[in-house]
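Numbered from 1 within each chain, the chains take letters A, B, ... in sequence-line order. Computed from a predicted structure; not experimentally measured. In what follows, every heavy atom counts, from backbone to side chain, and hydrogens, waters and symmetry copies are set aside.
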Amino acid sequence: MPEGPWARPVLAAVLVCGALAGAAEGGWRAAGHRPSADAEDLDLWAIARARASNHDVNTIVIIGKSRAQLDVHGPTLRRRYPQSTVVQLALRGRGAWAAFVDLTADEAFAGRVLWFLTEPDLTPQAHREQRPAVDRVHHLGPDGRTNAWLRAQVASAVTFRHADLRPRRVLENLARGRAVPPHFVVMGPDRFAAADFDRVDVELLRGQIAAVHAEMRARMAGRSVDPARWRADVAQVRPHVAQLRARGGDVVFVAPPVSGASAAFSEAFYPRAAFWDTLTGATGVLTVHHQDLGGPPFVCPDTSHLDAEDAPRFTAALLDRLVAMGFLAAR
Amino acid sequence: MTFPSLTFALFFVVVLGLCRSRLSWPAKKTVLLVASYVFYAAWNPPFVALLWLSTGADWWIAHRVHRSDRAATKKAYVALSLAINLGLLAYFKYGGFVVENLAWLDGAWSGGQRHWSVPDIVLPVGISFYTFQTLSYTLDVYRGRLTPGRSLLDYALYVTFFPQLVAGPIVRAGHFLPQAEKPRSASRDQIGWGFALLGLGLFQKVVLADALLGPVVDVVYAGTALPGTTDAWAGTLAFAGQIFFDFSGYSTCAIGVALCLGFHLPDNFRAPYAALGFSDFWRRWHISLSTWLRDYLYIPLGGSRHGAWRTAAALVATMFLGGLWHGASWTFVIWGLLHGVFLVVEHGLKKAFGARPVFATKPARAALTGVTWLLVTLAWVPFVAPDVARAKAVAQALLGLHAGPDRLAGWEVSLVGAVLLGLLAAHRLLRDVPLEAWAAKVPPAARTVMVALLYFLVLVSPGQERAFIYFQF
């Protein structure tokens with residue numbers, strides 16, 4: 001080892017490092033950032049998924065994309081069903097087919113699945129989108145699980161561990177001559193998340209969603225989706241549903257709120273009467289459409305997701321509807 | 001368990017505390033052994049049994065070899081050790097690969113009438129490392145270089161010592177066992193230096209390899225689209241940095257952690273990108289593996305004692321097997337063979353032109369160092385590519401043939417350039433000066449600042465930990 005003192009300099013370094021971390025925390029918070037677990041952490045997804053394997057018919061699992069994560073208010077759900085294990089398995093931008101198939105194949109899962117989806121999520125093109133997360137469940141050892149849990153706890157407590165503030169993201173923004181914009185979504189270690197659209201440039205988000213729509217329109221090149229072909233595709237879910245029902249579990253399809261350009265896009269390519277309203281016939285699965293929930297319509301600030309202020313109302317309305325349908329027990 | 005994880009941080013605090021307590025030396029060694037099994041089991045508990053099998057088998061065999069008077073009996077026991085250790089490797093590491101290739105051959109031969117089911121075998125982490133350690137123990141006893149010790153505890157700790165268990169450095173029994181015999185306790189300054197090394201290793205892995213370079217490599221090598229020429233170069237250069245920072249980072253962490261516990265592990269890297277020629281490169285890159293291959297493969301194959309052709313054959317065979325050691329894939333075989341060819345050509349050129357004074361001049365040495373680095377970097381293409389087709393696509397893009405559009409942003413390409421320039425400058429600086437000698441010159445206040453910055457940057461670089469690349473080998 002090199003000559004000279006190393007104990008004291010390293011001990012001093014620990015203190016300096018602590019001071020730097022404190023300064024970073026203060027700086028990020030002053031710039032509007034908040035602590036959040038990483039929504040893309042597949043290990044965290046895997047430990048949430050493992051909680052669903054409990055042989056309990058009262059377990060409630062939410063699957064889908066980001067709408068399933070932002071529109072559902074975890075505390076409301078837990079307040080109504082305090083005896084149930086509630087598991088949030090939504091993953092941004094990835095259709096939940098693989099997660100659903102994994103749940104139905106799991107003999108230890110017998111709960112209720114709330115599957116938030118859009119029409120393309122049931123087609124074969126989307127079947128593998130959540131596969132990497134599902135694979136993680138079956139390859140995650142005790143260390144991986146503990147570590148993901150610890151990581152999420154720390155990230156939920158301190159801002160400087162936010163995934164959006166990693167050096168690469170900071171450098172990317174610096175290269176563009178701007179500071180890292182505060183993220184509007186905060187996710188807890190239980191994977192339930194809330195969106196605060198007051199903290200973000202909503203027009204910018206709408207522009208990004210419009211760009212995605214434009215890209216999809218270009219890909220469709222004026223062709224429309226054939227409803228009959230789509231029904232044949234979605235019917236592939238039947239054997240998996242039967243498998244789950246045989247154990248006492250069940251699934252419901254939920255069409256989450258959209259508004260403005262997203263609603264117009266959806267109606268243009270997947271008109272409700274030709275697609276959503278035929279889903280039960282094609283799959284044998286009950287459905288809930290946000291338009292049928294009653295009360296004032298839900299408005300999505302970015303046209304695609306609910307604000308944290310509206311998520312509790314939507315969740316309560318959805319649960320009422322599911323109880324009325326007999327899908328969930330009255331509480 | 002991996003060094004950059006929070007679980008390891010908690011685990012290490014407990015282990016270090018116990019090793020600094022008033023426990024007796026045998027009790028401390030028992031703590032380290034149990035901790036090592038916990039460290040390993042945390043990943044996949046059942047595979048600890050393999051570790052026990054490998055440990056127990058070579059302990060027993062080495063004693064049998066030592067006690068036996070008959071050469072044939074000794075050889076039979078060595079053959080048994082080889083069968084057990086290489087058998088484990090063959091099954092877990094190459095089982096799927098062999099079946100896959102047999103299926104391909106069958107398809108080519110008979111038109112694929114038969115159905116082959118390729119087994120999905122989980123590779124036990126670190127198996128390539130600990131089987132090489134136990135094997136070398138038996139071979140050293142067989143060659144009379146080592147007398148088997150009496151303490152199974154010491155031997156088990158040698159095989160299992162957690163800092164180097166899953167990704168090296170591959171330690172020789174002659175280096176480790178004497179350290180286990182007498183009570184050891186790190187001084188406060190040793191612990192300080194150990195933590196400085198741990199910080200350096202974590203910085204290399206978490207910040208440089210994972211946070212900055214890894215995503216660039218993924219864009220080029222993990223995708224399916226044809227890469228552009230600039231992207232192909234940036235991705236390949238980024239991988240040259242990523243693989244070094246990843247593996248050297250692990251070794252540096254291992255050495256630092258071991259030092260805190262009072263043990264010395266050998267260096268595994270010595271500024272390899274400043275190597276002058278490929279023989280020099282392999283004296284600087286993954287030193288514990290290259291010396292293992294030299295001692296237990298290259299020299300038994302004849303080494304350089306039987307003329308040019310036999311030397312060339314031994315070199316190529318050693319590097320071929322060295323490539324295969326890294327993984328069950330033709331891409332690793334190609335990488336190993338490329339290095340074999342590089343070494344053979346270098347040997348030939350050295351014999352023909354090496355004595356000329358021009359090669360001793362500074363510009364010539366600098367040019368040869370540059371050529372070595374460039375060829376080593378290009379040889380990473382098959383190493384990092386997931387399959388031969390991807391390696392071919394990137395190689396073509398590097399040459400500007402069949403290149404697709406570039407996807408990387410200008411700042412990402414600049415970032416790769418800056419990190420690589422820093423890496424090459426550091427290697428030039430440390431080419432002939434050990435890190436310890438350089439660090440000794442740093443004043444205490446600067447030590448504080450440097451170590452604080454290393455840990456701070458690690459702390460603010462969150463993300464899902466990527467496994468160390470060498471865990472898969």
Side-chain angles (χ1 to χ4, degrees), chain A residues 1-21 23-25 28 37-38 40-44 136 138-155 158-176, chain B residues 1-2 5-10 39 41-45 122 187-197 199 207 211-212 215 259 264 409-412 414-415 434-457 459-465:
Chain A
M1 69 163 273
E3 286 175 13
W6 280 94
R8 284 190 182 180
V10 169
L11 208 57
V14 173
L15 298 175
V16 173
C17 180
L20 286 171
E25 181 69 14
W28 288 128
D38 184 1
E40 299 294 311
D41 190 334
L42 299 187
D43 289 350
L44 190 60
R136 205 64 78 95
H138 302 289
H139 291 110
L140 198 63
D143 175 47
R145 283 195 291 274
T146 314
N147 206 35
W149 183 83
L150 283 171
R151 200 163 54 218
Q153 300 298 325
V154 173
V158 291
T159 308
F160 62 78
R161 296 288 295 175
H162 197 298
D164 268 12
L165 299 175
R166 59 190 78 170
R168 188 181 158 76
R169 207 61 72 81
V170 174
L171 285 174
E172 181 181 355
N173 279 283
L174 282 177
R176 291 178 179 164
Chain B
M1 213 179 280
T2 60
S5 66
L6 292 164
T7 42
F8 178 76
L10 298 175
F39 180 90
W43 165 71
N44 195 336
V122 177
S187 69
R188 286 181 181 180
D189 283 331
Q190 272 178 326
I191 293 178
W193 175 239
F195 272 102
L197 287 177
V207 181
L212 299 184
L259 195 62
H264 174 263
W411 71 270
E412 289 177 295
S414 308
L415 177 69
L435 178 66
E436 285 77 5
W438 180 83
K441 293 180 194 162
V442 178
R447 292 175 185 184
T448 295
V449 172
M450 282 195 298
V451 174
L453 279 177
L454 290 175
Y455 275 103
F456 173 67
L457 288 169
L459 210 56
V460 297
S461 299
Q464 294 173 60
E465 294 99 17

Could you go through B:L10 and A:L150, starting from their C-alpha distance and side-chain angles, then the distance that decides it, and tell me whether this counts as side-chain contact (heavy atoms from CB on, under 4.5 Å)? CA-CA 11 Å; B:L10 298 175; A:L150 283 171; 3.9 Å; yes
Relative to chain A, which of B:A440, B:G410, B:A445, B:A446 shows the most heavy atom pairs under 4.5 Å? B:A440
Minimum heavy-atom distance B:A41-A:P142, with the two atoms named: O-CG, 4.2 Å
Pairwise distance CH2(A:W149) to OG1(B:T7) - rounded to 0.5 angstrom: 12.0 Å
Within this structure, what is the OG1-CZ distance for the pair B:T448 and A:R8, rounded to the nearest 0.5 Å? 11.5 Å
Return the minimal non-hydrogen interatomic distance between A:M1 and B:Q190, and the atom names on each side. SD-CG, 3.2 Å
For A:R168 and B:L212, the nearest pair of non-hydrogen atoms, with its separation, is NH1-O, 3.6 Å
Return the minimal non-hydrogen interatomic distance between B:A196 and A:V10, and the atom names on each side. CB-CG2, 4.4 Å
Need one label for B:A439: side chain, backbone, both or neither, based on atoms under 4.5 Å from any heavy atom in chain A. both
Identify which part of A:V154 has an atom lying under 4.5 Å from any heavy atom of chain B, answering side chain, backbone, both or neither. side chain
As an exercise: rank A:G141, A:A148, A:A7 by heavy-atom pairs under 4.5 Å with chain B and give me the winner. A:A7
Proximity breakdown for B:P45 and chain A, heavy-atom pairs closer than 4.5 Å: side chain
Compare all side-chain heavy atoms of B:P462 with those of A:D38 and state whether any distance is below 4.5 angstrom. no
Looking only at A:A155, A:C17, A:A175, A:G4, the option with the highest number of non-hydrogen pairs under 4.5 Å against chain B is A:C17
With respect to chain B, which residue among A:H162, A:E3, A:E172 yields the maximal number of heavy-atom pairs within a distance under 4.5 Å? A:E172
Nearest heavy atoms of B:W43 and A:D143, plus distance in Å: N-CB, 4.4 Å
Segment of B:L415 engaging chain A (4.5 angstrom heavy-atom cut-off): side chain
Using heavy-atom distances under 4.5 Å, tell me whether A:L20 contacts chain B through its side chain, its backbone, both, or neither. both
Heavy-atom nearest pair, B:L459 first then A:A21, reads CD2-CB, 3.9 Å
Okay, side chain of B:R447, backbone of A:P5: is any donor-acceptor separation there less than 3.5 Å? yes
